[in-house]
K.L.:
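Sharing a structure, written as structure tokens. Questions coming.
By convention in this document, chain letters (A, B, ...) are assigned in the order of the sequence lines, proteins followed by strands, and residues within each chain are numbered from 1.
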There are 2 protein chains.
Amino acid sequence: MQQSASIPIRDISFKQLKAACSTCTLQELCLPVGMSLEELAQLERLVNQGVKVKKGEALYRAGEPFKSLYAIRTGFFKTVVLSEDGREQVTGFHMSGELMGLDAISTENHTCHAIALEDSEICEMPYQRLEDLCRAIPALQRHLYKVMSREIVRDHGVMMLLGNMKAEERLAAFLLNLSQRFAARGYSASGFHLRMTREEIGSFLGLKLETVSRTLSRFQDEGLITVQNKYIELKNLTGLKTMLSGCAGNQA
Amino acid sequence: MQQSASIPIRDISFKQLKAACSTCTLQELCLPVGMSLEELAQLERLVNQGVKVKKGEALYRAGEPFKSLYAIRTGFFKTVVLSEDGREQVTGFHMSGELMGLDAISTENHTCHAIALEDSEICEMPYQRLEDLCRAIPALQRHLYKVMSREIVRDHGVMMLLGNMKAEERLAAFLLNLSQRFAARGYSASGFHLRMTREEIGSFLGLKLETVSRTLSRFQDEGLITVQNKYIELKNLTGLKTMLSGCAGNQA
DNA sequence: CGAACCCTTGAGTCGGTTCAAAGCAGGTGG
DNA sequence: CCACCTGCTTTGAACCGACTCAAGGGTTCG
């Protein structure tokens, strides 16, 4: 869905244009930050924008050879690492504009599963070519380093959460983090639909699903939130914030 | 070592020679992997090799502006993130050849403290110049991406540890990981000196210091290890390994 | 030699897990 | 369009692993 190096931008068909980085509303959240139009065009040329992943399906699985990084256009994913004896740990939930697959760069193989939690559409970026392009476009190189660094910072936040916080605090931090990320995408910060099950939340937060359920119920009793199945409304943001009276913050 | 493009080798003083990347025994663990002699010389030119950090001192602190990445030449560090209400979480222990400061790339400020656990010597690499050099040296660019990716994988291992494992398993995984990393540096895999306190181990593993102490004592009673204050000897590697019957593995 | 810090061990407590049962929601096929 | 079925969620009761509190001994370093 993109053109060769010799064909000018305007030859892009409407459908392609719609999907292209230069018109993508996620530009500021995704990879092409601070790039010129000319540079954007170069990036577009290597992006495969059409990949669809149905709910429940894997974008990639641990052990598969690493070929590409993936940016989420629409949809919602979880990433899961597995221990040898079969235990699963959800390492993150990922929404539009976020990059997945960074962990695979080190080993040339994916180290986790990326599972769609709803029907999703993703942009595939062949890593080899992306790396080459980074050398040509300093802004791209810099931004990819930043994105990876941000993932490291996020992971440290999760460690703080798992290592230091009580169940209540973990849930509060989790809800506030989701809220903030939805808001950054133009959705409501106070009401949203959870795409994941209680068990997946629990796996991410180091809790059992029953504890997640109980804690949400308690939050509701306390008037902090309302819960209707998977729809959550945050009723008292400051209450939630004081609940986790201090924690690094970004965790998912 | 080698020369800048224009200055011949022999102009470099002995002291500089001693510390240079091209003669460094940590080459294969550190940043200059797969680089030519010519490229090594370029890297050396930007590295400030003399930085000493005394036990207990900070190489950098959370909030400080980000200027450089740091490679450990000799010594041992912990990195610590802080929550707003003052809780501390040790996010890792770092030994020779490892890079620190990657988390700061995203925000232009350090997000954690790096504290020396013994007198240490580090190589400072101004990030701006390093980034520029990455564009000129593909092997360097690629390796820096890999190092960051490896840090992400490591963090996911810690999440598995904190989210899924029992105290015994965490300790076993911790000891085995240290063992492996000492071995990779030519030290004994079965006997080593812990540089950190029980409390720091506990902070890293999401346990209280009493639990760390008790669990080490139990391991000793079971003949898995011997403990003499901070000196640990692993007596039964397979026993330790079966203890954590499966977990992603690399965590610190 | 003293002071500060670190480590060990014990006893009691508690937050979160485990086990169990019942209610609900959403999707599928008849 | 309804009935069923599967998977998800809620809630209760009992249990247990790790934490808290406390005391004593050891180590290190000035």
Side-chain angles (χ1 to χ4, degrees), chain A residues 54-57 76 78 87-90 115 117-119 161-175 193-222 225-233 243-244, chain B residues 54-57 76 78 87-90 115-119 161-175 193-222 225-232 243-244:
Chain A
K54 278 216 170 341
K55 178 174 175 174
E57 289 182 351
F76 207 93
K78 66 171 175 179
R87 281 179 279 193
E88 297 194 353
Q89 172 73 33
V90 172
I115 313 284
L117 297 182
E118 61 185 29
D119 292 357
L161 186 141
L162 292 171
N164 263 304
M165 295 168 70
K166 301 214 172 302
E168 276 191 345
E169 299 174 308
R170 296 186 199 189
L171 249 305
F174 174 70
L175 293 174
H193 200 83
L194 296 176
R195 271 74 171 180
M196 69 295 283
T197 66
R198 305 288 190 259
E199 184 168 20
E200 287 162 336
I201 297 173
S203 172
F204 178 62
L205 297 178
L207 302 169
K208 294 297 162 188
L209 69 95
E210 294 95 329
T211 306
V212 173
S213 178
R214 272 186 251 274
T215 307
L216 287 177
S217 297
R218 185 140 29 93
F219 281 0
Q220 182 164 236
D221 294 346
E222 292 165 0
I225 66 175
T226 60
V227 185
Q228 292 167 34
N229 197 22
K230 295 201 161 166
Y231 184 75
I232 302 280
E233 228 167 297
M243 163 143 295
L244 58 94
Chain B
K54 277 217 170 341
K55 178 173 175 175
E57 289 181 352
F76 206 92
K78 66 170 177 180
R87 281 180 279 194
E88 296 195 353
Q89 172 72 34
V90 171
I115 313 285
L117 297 182
E118 61 184 30
D119 290 357
L161 186 140
L162 292 172
N164 264 304
M165 295 168 71
K166 302 212 173 300
E168 275 191 346
E169 300 173 308
R170 296 185 198 189
L171 249 306
F174 173 71
L175 293 175
H193 200 84
L194 296 176
R195 271 74 172 181
M196 70 295 281
T197 66
R198 304 289 190 261
E199 184 168 20
E200 287 162 337
I201 297 173
S203 172
F204 178 61
L205 297 178
L207 302 169
K208 293 297 162 188
L209 70 95
E210 294 96 329
T211 305
V212 172
S213 178
R214 271 186 251 275
T215 307
L216 288 176
S217 298
R218 185 142 27 93
F219 282 180
Q220 183 164 235
D221 294 346
E222 291 165 2
I225 66 176
T226 59
V227 185
Q228 292 167 33
N229 196 23
K230 293 201 164 168
Y231 184 74
I232 302 279
M243 164 143 292
L244 58 95

K.L.:
Within the structure shown, what part of the strands sits under 4.0 Å from A/G206 by heavy-atom distance: base, sugar-phosphate, or nothing?
P.N.:
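Touches sugar-phosphate only.
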K.L.:
In terms of side-chain heavy atoms of B/T211, which of D/dC19, C/dT17, D/dC8 is nearest?
P.N.:
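Closest nucleotide to the B/T211 side chain: D/dC19.
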K.L.:
What's the spacing between A/F174 CZ and A/L194 CG if we round to 0.5 Å?
P.N.:
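Taking CZ in A/F174 and CG in A/L194, the distance rounds to 6.0 Å.
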K.L.:
Measuring from atom NZ of B/K230 to atom OG1 of B/T197, what distance do you get when rounded to the nearest 0.5 angstrom?
P.N.:
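So the NZ of B/K230 and the OG1 of B/T197 are separated by 6.0 Å.
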K.L.:
Which atom names give the shortest non-hydrogen contact between B/G56 and B/I115, and what distance separates them?
P.N.:
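In this case the closest contact between B/G56 and B/I115 is O-CG2, 3.7 Å.
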K.L.:
Starting from P on C/dT8, measure out to CD on B/Q220 and report it in whole angstrom.
P.N.:
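It is 9 Å, rounded to the nearest whole Å.
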K.L.:
What pairs with A/E233 under side-chain hydrogen bond (donor to acceptor under 3.5 Å, both in side chains), at least two apart in sequence or on another chain?
P.N.:
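A/K235.
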K.L.:
When the distance from NE2 of B/H193 to P of C/dC7 is rounded to whole Å, what number comes out?
P.N.:
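Rounded to whole Å, this separation is 10 Å.
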K.L.:
Given atom CD of B/E199 and atom C1' of C/dA4, what is their separation to the nearest angstrom?
P.N.:
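From B/E199 CD to C/dA4 C1': 14 Å.
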K.L.:
Would you indicate, yes or no, if C/dT8 has its OP1 or OP2 atom less than 4.0 angstrom from a side-chain nitrogen or oxygen of B/S213?
P.N.:
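It does, given that an N or O in the side chain of B/S213 lies less than 4.0 Å from OP1 or OP2 of C/dT8.
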K.L.:
Can you give one letter per nucleotide of nucleotides 21-30 of chain D, going 5' to 3': B for a protein heavy atom under 4.0 Å from the base, S for sugar-phosphate only, - for none?
P.N.:
B-----SS--
K.L.:
What residues, two or more places apart in sequence or in another chain, satisfy side-chain contact (heavy atoms from CB on, under 4.5 Å) together with B/D119?
P.N.:
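Expected list: B/K54, B/K55.
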K.L.:
Write down the distance between CG (B/L207) and P (C/dC7), rounded to a whole number of angstrom.
P.N.:
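Atom-to-atom, B/L207 to C/dC7, this comes out as 15 Å.
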K.L.:
Please tabulate, one pair per line, all N/O donor-acceptor pairs under 3.5 Å involving side-chain atoms of residues 205-215 of chain A, not counting sequence neighbours.
P.N.:
from: A/T215; atom 1: OG1; to: A/T211; atom 2: O; distance (Å): 2.6

K.L.:
Indicate, with a heavy-atom threshold strictly under 4.0 Å, whether A/L209 touches base, sugar-phosphate, or nothing.
P.N.:
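A/L209: base contact, heavy atoms under 4.0 Å.
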K.L.:
Measure from CG on A/L205 to C1' on C/dG15 and round the result to the nearest Å.
P.N.:
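After rounding, the gap between these two atoms is 16 Å.
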K.L.:
Among residues at least two apart in sequence or on other chains, which ones pass side-chain hydrogen bond (donor to acceptor under 3.5 Å, both in side chains) with B/E88?
P.N.:
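Partners of B/E88 by the side-chain hydrogen bond (donor to acceptor under 3.5 Å, both in side chains) criterion come out as none, since no residue qualifies.
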K.L.:
Rounding to a whole Å, what distance do you find between B/Q228:CD and C/dT8:P?
P.N.:
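Whole-Å distance recorded here is 12 Å.
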K.L.:
Phosphate oxygens OP1/OP2 of D/dG7: is one of them under 4.0 Å from a side-chain N or O of A/T197?
P.N.:
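The answer is no; no side-chain N or O of A/T197 sits under 4.0 Å from OP1 or OP2.
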K.L.:
Quick one: is D/dT10 close enough that its OP1 or OP2 comes under 4.0 Å of any side-chain N or O from A/S217?
P.N.:
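Indeed not, no polar side-chain atom of A/S217 lies that close.
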K.L.:
Rounded to 10°, tell me the angle between the two end axes of the helix from C/dC1-D/dG30 to C/dG30-D/dC1, each built from five pairs.
P.N.:
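Inter-axis angle at the ends, rounded: 50°.
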K.L.:
Taking salt bridge (charged side-chain N to carboxylate O under 4.0 Å, His left out) as the test, write out the residues that go with A/E199, two or more places apart.
P.N.:
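Applying salt bridge (charged side-chain N to carboxylate O under 4.0 Å, His left out) to A/E199 gives none.
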K.L.:
In whole angstrom, what separates A/L194's CG from D/dC8's P?
P.N.:
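Rounded to whole Å, this separation is 14 Å.
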K.L.:
At less than 4.0 Å, is any side-chain N or O atom of B/R198 found next to OP1 or OP2 of C/dC7? Yes or no.
P.N.:
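Looking at the OP1 and OP2 atoms of C/dC7, one of them is under 4.0 Å from a side-chain N or O of B/R198.
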K.L.:
Restricting to side-chain contact (heavy atoms from CB on, under 4.5 Å), what partner residues turn up for A/A172, sequence neighbours left out?
P.N.:
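With neighbours one apart ignored, the set is A/F219, A/L240, A/M243, A/L244.
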K.L.:
For A/E118, enumerate each residue passing the side-chain hydrogen bond (donor to acceptor under 3.5 Å, both in side chains) test, keeping only those at least two apart in sequence or located in another chain.
P.N.:
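side-chain hydrogen bond (donor to acceptor under 3.5 Å, both in side chains) check on A/E118 returns A/R195.
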K.L.:
So does B/K166 get a side-chain nitrogen or oxygen closer than 4.0 Å to the phosphate oxygens (OP1/OP2) of D/dG17?
P.N.:
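The answer is no; no side-chain N or O of B/K166 sits under 4.0 Å from OP1 or OP2.
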K.L.:
Just the rounded figure in Å: distance from P of C/dC7 to NZ of B/K208.
P.N.:
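That distance rounds to 15 Å.
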